[in-house]
Every structure is written in structure tokens, then in C-alpha cells.
Q: 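A single structure is presented below for examination.
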2 protein chains.
Amino acid sequence: MSSSTPHLHIADHDHAKCVAGALAAARDVCAQRGERFTELRGRVLELVWESHRPIGAYAILERLRADGRSAAPPTVYRALDFLMSVGLVHRIESLNAYIGCAHPGQRHASQFLICTDCGTAVELDDPAVAGALAQAAEKRGFKVEARVVELSGHCASCAQG
Amino acid sequence: MSSSTPHLHIADHDHAKCVAGALAAARDVCAQRGERFTELRGRVLELVWESHRPIGAYAILERLRADGRSAAPPTVYRALDFLMSVGLVHRIESLNAYIGCAHPGQRHASQFLICTDCGTAVELDDPAVAGALAQAAEKRGFKVEARVVELSGHCASCAQG
DNA sequence: TCACTTTCGATATATTATACCGCGCTCGCA
DNA sequence: TGCGAGCGCGGTATAATATATCGAAAGTGA
Ligand SMILES: [Zn+2]
Ligand SMILES: [Zn+2]
Ligand SMILES: [Zn+2]
Ligand SMILES: [Zn+2]
């Protein structure tokens, strides 16, 4: 009910393939890094990829419980922390929510375009933005370790679909 | 104790003047917009400007109580919401904290450089960054309404002062 | 002074996140 | 094949951040 999906404005796509691809990439990344891709971690990643909208930790928790599984907040946060540590999930700071990484296994910057109408978040890896940020920081002698770049507004479809 | 100030790496400056300037600008902004700059709002703004480090809502709350004033969380959040609504304070999403705006009363973009060593946050209004972001969004037909740009790392002084 | 609006005090509660403990499974290795 | 070290996870408790709501007080304009 509350979560009946507003139209997904991301160009139509085969979302099952989308999720399968994410899970396959996850297996690869973990194998390469000698990390364990457990059943729980897989399920949490799957839930994060349920849509292209950022999802909150407690929403993930509810879905785990709906699976019949016993779960508490640490269950979710541990899995999310792991998935973030290996670069499979990003945290959206302005929403306290999590989203699957669009470029798993690749070194990349990310910038998010978050639609406040349909809720979707698109991850960019825009070199001009990354470059401008790097220059701005360097100019002030600042050594960057982490970047949060989140633009909120209206996606192309919602703005005037 | 816990909050004994680590060295402030912002180039030495007369911070009293810094705070006084912020309060004066605040009066102007509120007068221009027909908003009331109450004693509480002034005190909260002063506390936000206590240093150039982002400060949490509950830290502000403690200081209000230390003044002998009765205060609860809504006291602080109302004042912060007001100050943000008139552009005198920014929220740092990646820290759940608040900082005084460096360009009150002016239309500006802002990007923050947050030092994880000394805690200071510097607000930039870098046109190249703003331009690159605007272009990246426009290219995808995205209408931007709000921007969160926060780089964490080491400031020039801390990196190798 | 009176009606109206805004600000504020106060209480309760929601939402997001972490600290900690102990068990059992996995995996490397003898 | 058995064993120990470490990791992942269930479970409980609690911390940290934020909002909903209501009524009283104070400012505002007529
Ligand atoms: Zn998809
Ligand atoms: Zn949209
Ligand atoms: Zn100053
Ligand atoms: Zn520093």
C-alpha cells in the first residue's frame, strides 16, 4: 500500500536482468577481493536493487523479516557496511538511504541525481564534475578522501514526461 | 573537556569580528525579508558560529541549557529550520550537523571542504564546480532544486602544515 | 484594546544507527 | 580428519538524530 510503486522513470528496462547483473558482479568483486558473499549479504543486495530508488535500512529490515528470517538492525547495518566497504552499495546522505552501485568493481567517482517526484536516483560518473571538484580542492591544498555529491530535483520524465 | 578545541586551521583571524559580522548580516537578511530575528534565533546562530566546525543540534541544545535557558530538541530544530530557510545556516548532510553560511544574503552555490583532522569546514562557491554540475544535470534533462556537495579529507594545514 | 499570527515551552514519540556479547560455522592447516 | 583462529551473525540494549502535537505567551496590525 504505502509502497505501491510510483512509475519508474528510468527508461524501460529488464529489471530482472538488472538485478541478476548486480548479483553476478557482486560475486566477482567478492571473489577477487577474497571476501565472503554470504546468503544474507546477497539478499540485502537484492533488496537494495529491488528498485532504482534509495531504500532505508529499516525498510530492508522489514523485508528481511517478511522473508521469515530473524533480523535486527545490526543484521542490516552489518550487511550494508560490508557492501559499502567493497563498493557494491552507496549511501545517499541526504536521504539516509542506500542504493546499489552502478559501476561495481570499477574505480569511479559518483554523483547522484535524485528525483523528488518518483524517487529514483541515477548514479553518474561525470568526468567534468569530478575534474572541477578535484581542481577546486587542489587549489586550496585540500586532500580529498571522500565525496558526497547529490543533486535533488526532477528527472526528465517527471519534469515533463 | 571532550570539546577542548583542536587547533583551528583556518588562517588566523579575528573570530569575534567573524561572529559579529554574521549576526549583523543576519539582522539585515531578516529585515529585508520581513522575518523576525528573535533572541533565541540570534543565540542559536551565535552558537553555530562559535567555531568554523559544523555543530550538531544536540550540542547546540546543551549550550542553550548551559545558558540557563529551558530548551528541548524542538527549540533547536525550529531555530535551525528558520535559519536555514533564510539562508543563514547550512546543514552538512554527511555529518548531521550545521554551519554558518559564509555568503549570507547572496545567491550562491555551496561546496564544503571538511577536514576530518581538525573538523573545520570551508564553504566554497566555486563557479567551475557549479557549472559542471549544472551541465551534467542539464545533459540528462534533470531540473536541479537542491545541491549537496561535501568533500571530506585533510585541509592544507592538517595535511602538512 | 482586540483579533490574528507567530514564536516558544513542553511532552511524547519516531527514525536512524551503534555497542556489545556469545555462539557456531568456515577455512586454513597440522 | 581433527583443531584452532577468526569471521559472520543472532540477539539485546541503548545512543543519536529528528518530528508531531498542543497550548500558552508574545508580537503585530487595526
Ligand atoms: Zn534495473
Ligand atoms: Zn522522476
Ligand atoms: Zn571566524
Ligand atoms: Zn584540518
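Excluded from the calculations below are hydrogen atoms, water molecules and symmetry mates; all remaining heavy atoms, backbone and side chain alike, are included. Model, not experiment: these values are computed from the prediction. All chains are named by letter (A, B, ...) in the order of the sequence lines, taking the proteins before the strands, and each is independently numbered beginning at 1.
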Q: What are the two closest non-hydrogen atoms of Asn96(A) and Arg91(A), and how far apart are they?
A: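 Looking at all heavy atoms of both residues, the closest pair is OD1-NH2, 2.9 Å.
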
Q: Can you tell me how far P of dG8(D) sits from CZ of Arg41(A), to the nearest Å?
A: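 Result: 4 Å.
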
Q: Round to the nearest Å and state the distance from Leu83(A) atom CG to dC9(D) atom P.
A: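 It works out to 10 Å between those atoms.
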
Q: Checking side-chain polar atoms at under 3.5 Å, does Glu145(A) have a donor or acceptor matched by the opposite partner on Ser152(B)?
A: no

Q: Mind running side chain to side chain contact (heavy atoms under 4.5 Å, CB included) on Leu80(A) and Ile60(A) for me, showing each step along the way?
A: CA-CA 10 Å; Leu80(A) 288 172; Ile60(A) 294 172; 4.0 Å; yes

Q: Minimum heavy-atom separation for Phe112(A) and Glu123(A), please, with both atom names.
A: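 So the minimum-distance heavy-atom pair works out to CE2-CB, 3.5 Å.
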
Q: Measure centre to centre between the rings of His52(A) and His13(A), then say whether the value is under 6.0 Å.
A: yes

Q: Once each nucleotide of nucleotides 12-30 of chain D is scored for protein heavy atoms under 4.0 Å, what B/S/- sequence comes out, 5' to 3'?
A: B----BBBB------S---

Q: Where do Ile55(B) and Val48(B) come nearest, in terms of heavy atoms and distance?
A: CG2-CA, 4.0 Å

Q: Could you tell me which non-hydrogen atom of Phe142(A) sits nearest to which non-hydrogen atom of Gly153(B), and how far apart they are?
A: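 Where Phe142(A) meets Gly153(B) most closely, the heavy atoms are CZ-N, 3.3 Å.
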
Q: Specify the separation, in whole Å, of atom CZ of Phe82(A) and atom C1' of dC9(D).
A: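 To the nearest whole Å, that distance equals 14 Å.
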
Q: Going 5' to 3' along DNA chain C, between which two nucleotides do contacts with chain A fall, using a heavy-atom cut-off of 4.0 Å?
A: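 From 5' to 3', the first and last contacting nucleotides are dT16(C) to dT26(C).
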
Q: State which residues pass salt bridge (charged side-chain N to carboxylate O under 4.0 Å, His left out) with Arg69(A); sequence neighbours excluded, sorted by chain then number.
A: Glu39(A)

Q: Quickly work out the Leu80(A) CG to dC9(D) C1' distance and round it to whole Å.
A: 15 Å

